[in-house]
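Just below is one structure, and these are the notes that go with it.
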Amino acid sequence: MVEQGRTQVSILVPTYNESQNIIGLLKSVAESLPKNIAAETIVIDDNSPDGTGRLVEDYIRSVGKKAGQTIGIIHRRTKRGLGSAIIHGIQQARGETIVVMDSDFSHPPSAIPRMLESLWQSSCDIVVASRYTRGGAIHGWTLKRRIISKVATGIAKRGLGVKQDDPMSGFFAFRRNLLQGFKLDGIGYKMLLEMLVKARGASVKEIPYTFTDRRLGDSKLGAGTMVDYLRSVWRLYRFGRARSRQEPRASVRFASKAARFYTVGATGLLVNYLFSAMLAGWPADMWYLHANLAGIAASVSTNFALNKHWTFEDRDFGAARTVSQYGKFVLFSSAGALVQLGMVYHLVEGHALEYPVALVLAVLTASFGNFILNKKLTFKE
Ligand code: GDD
């Protein structure tokens, strides 16, 4: 990635299909930054089909390192969302100050020096480039987009109690050490909102700027983004409530997750029984082993869905990882079934235990192993 050395500022630029914008943006960022600042610009690309990643690689090779500025790129294999891209960038960034911006010129690079000056001269933790503070403006948005933005901002302010005029801004700078003490989920677009809610006591300053809608390429904001937004507001609301009631201890959280996991397991038995009985009986009249197989598949799937959205609801990274999570879940469930079979056999044959007792012990052991594996690997934080 980027070279070693002292870096004051990391500028994070997530991209998805931005081949028409990104090189111009990188040049403009380099021109805008004062030469006495050691900065790195990190592009986080989600394997853009239009070749944005390759373009940036070629550009990095052609410019090398200039006047204390470095450009790096993080290649991710799949499209995992703007929030998740920013978190990835933060993990790789070396600067004490981090700036987040779009790659499509809607956020003018010329505003960065003002943001840095504001952050460094005041003792605040976050500087928000704001469209809605006095002096700020938006150019090029349709009425529909303006209304959506206003409604979303209103929901954040009323629902979550944030005080800033533009908590949904995608253009902001912050001190890296602000992130100590809480974890970012990165669902949807609203990384700043999440920081404003979670970094309690952070001092925030808003400075006006003019947002100019992109001229090239398309917005990636879609219906799914709205759903993600509402989910993230709901989570943040619950986060705020849980914090005000004092967070439960780790042991309590573990027990509550285990209780949910076992409850889900019990519903799985029911689904399995009902589904296979239904398929084996009239009118489907399926061969009982096929019906049983279908029952197992159905219960594994409902168990997975319930565990993802209920047991481990605090760890869900949205739809992006569902397929790989499902694969792991099926793998661990199959391994659990084998462990259970082996243990029952061992206890009955080797230790002369009654079958019901052996079965209970084997189920408890296998399901506990399953719980731990899913907690640590499938739904890891
Ligand atoms: N790596 C990666 N992965 N980048 C992404 C993804 C993704 O899944 N989705 C979007 N991006 C990048 C885009 O390439 C662009 O650089 C930036 O994130 C913003 O995406 P746009 O699709 O252009 O967002 P927008 O203009 O509709 O939304 C703007 O307004 C919001 C507030 O109303 C952005 O400025 C947001 O940051 C802002 O929150």
Side-chain angles (χ1 to χ4, degrees), residues 11-14 32 81-83 85-87 90 97-122 124-175 178-179 184-214 219-221 225-226 228-237 239-240:
I11 297 157
L12 307 184
V13 189
S32 303
L82 174 56
I86 295 171
I87 292 182
I90 292 173
T97 298
I98 293 179
V99 178
V100 176
M101 70 186 298
D102 290 355
S103 60
D104 58 1
F105 287 99
S106 51
H107 300 157
S110 56
I112 298 175
R114 251 189 327 130
M115 292 162 76
L116 294 177
E117 201 180 292
S118 200
L119 188 80
W120 290 339
Q121 282 184 359
S122 62
C124 69
D125 303 297
I126 307 178
V127 167
V128 180
S130 170
R131 300 162 291 182
Y132 297 129
T133 218
R134 183 192 289 270
I138 294 174
H139 286 168
W141 265 6
T142 58
L143 181 65
K144 182 177 155 203
R145 180 87 205 246
R146 279 173 196 272
I147 294 172
I148 292 175
S149 174
K150 277 284 181 192
V151 170
T153 304
I155 292 174
K157 289 176 88 167
R158 283 179 184 267
L160 302 172
V162 288
K163 303 273 182 293
Q164 287 68 36
D165 293 323
D166 194 0
M168 325 291 285
S169 174
F171 194 17
F172 53 98
F174 61 97
R175 293 178 199 277
L178 176 74
L179 299 180
L184 292 167
D185 286 335
I187 299 174
Y189 270 41
K190 305 305 158 205
M191 187 54 71
L192 174 65
L193 180 62
E194 191 178 345
M195 281 169 66
L196 293 174
V197 172
K198 291 188 172 174
R200 193 160 47 172
S203 64
V204 185
K205 195 168 165 187
E206 288 186 271
I207 60 169
Y209 85 105
T210 300
F211 178 103
T212 310
D213 198 21
R214 59 165 73 234
S219 165
K220 281 86 202 170
L221 199 116
T225 317
M226 315 289 175
D228 277 349
Y229 172 62
L230 292 175
R231 278 180 60 213
S232 65
V233 169
W234 175 239
R235 271 176 183 234
L236 290 173
Y237 174 72
F239 175 92

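We find the NZ-CG distance between K190 and L196 to be 12.0 Å, quoted to the nearest 0.5 Å. Remark: S232 OG to F239 CZ distance equals 13.5 Å, nearest 0.5 Å. Note that the CG atom of D185 and the CG atom of D228 stand 11.5 Å from one another [nearest 0.5 Å]. Going from atom CH2 of W234 over to atom CG of L160 covers 11.0 Å, rounded to the nearest 0.5 Å. Taking CG of L12 as the start and CD1 of I86 as the end, the distance is 7.5 Å to the nearest 0.5 Å. Here L193 contributes atom CG and M168 contributes atom CE; the two are 6.0 Å apart, rounded to the nearest 0.5 Å.
Within 6.0 Å of OH in Y237 there are 12 or fewer heavy atoms belonging to other residues, nucleotides or ligands.
Of all heavy-atom pairs between F172 and V128, the closest is CB-CA, 4.2 Å. The two residues V13 and S103 come nearest to each other via the heavy atoms CG1-CB, 3.4 Å. Shown here for C124 and R175, the closest heavy-atom pair between the two residues is O-NE, 2.8 Å. A pairwise comparison of heavy atoms in L178 and M195 identifies CD2-CE, 3.8 Å as the closest pair. Scanning both residues, A173 and L119, for their nearest heavy atoms gives O-CD1, 4.1 Å.
In terms of the ring-ring contact (aromatic ring centres under 6.0 Å, His included) criterion, W120 has no residue partners (sequence neighbours excluded). Legend: residues meeting side chain to side chain contact (heavy atoms under 4.5 Å, CB included) with I155, ordered by chain and number and at least two apart, are V151, Y229, L230, V233. Residues meeting the side-chain hydrogen bond (donor to acceptor under 3.5 Å, both in side chains) test with S130, sequence neighbours left out: E206. Evaluation of the side chain to side chain contact (heavy atoms under 4.5 Å, CB included) rule for K144 yields T142, I148 as partners, not counting sequence neighbours. Contacts of R145 classified as side-chain hydrogen bond (donor to acceptor under 3.5 Å, both in side chains), with partners at least two apart in sequence or in another chain: none. Listed by chain and number, the residues in a side-chain hydrogen bond (donor to acceptor under 3.5 Å, both in side chains) with D166 are R131 (sequence neighbours excluded).
Taking the six-membered ring where tryptophan is involved, the planes of H107 and F171 are essentially parallel, since the angle between them stays under 30° and well short of 60°.
Residue pairs meeting the salt bridge (charged side-chain N to carboxylate O under 4.0 Å, His left out) criterion with at least one partner in residues 102-113, sequence neighbours excluded, are D104-R214. Contacts classified as ring pair (Phe, Tyr, Trp, His ring centres under 6.0 Å) and involving residues 148-168 (residues at least two apart or in different chains) are not found. Residue pairs satisfying the side-chain hydrogen bond (donor to acceptor under 3.5 Å, both in side chains) criterion with at least one member in residues 146-159, sequence neighbours excluded, are listed as follows: Y132-S149.
In this structure, L179 and F174 have side chains that are in contact, with non-hydrogen atoms separated by less than 4.5 Å.
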- I would like to know whether K198 and L236 meet side-chain contact (heavy atoms from CB on, under 4.5 Å); could you show each step before the answer? CA-CA 8 Å; K198 291 188 172 174; L236 290 173; 3.9 Å; yes

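A donor-acceptor distance shorter than 3.5 angstrom exists from the side chain of S169 to the backbone of A129, with no hydrogens or angles considered.
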For residues 109-118, run the donor-acceptor check on the side chains, cut-off 3.5 Å, and write out each pair with its distance to 0.1 Å, sequence neighbours left out.
residue : atom : partner : partner atom : Å
R114    : NH1  : P208    : O            : 3.2
R114    : NH2  : P208    : O            : 3.0
S118    : OG   : K205    : NZ           : 3.2

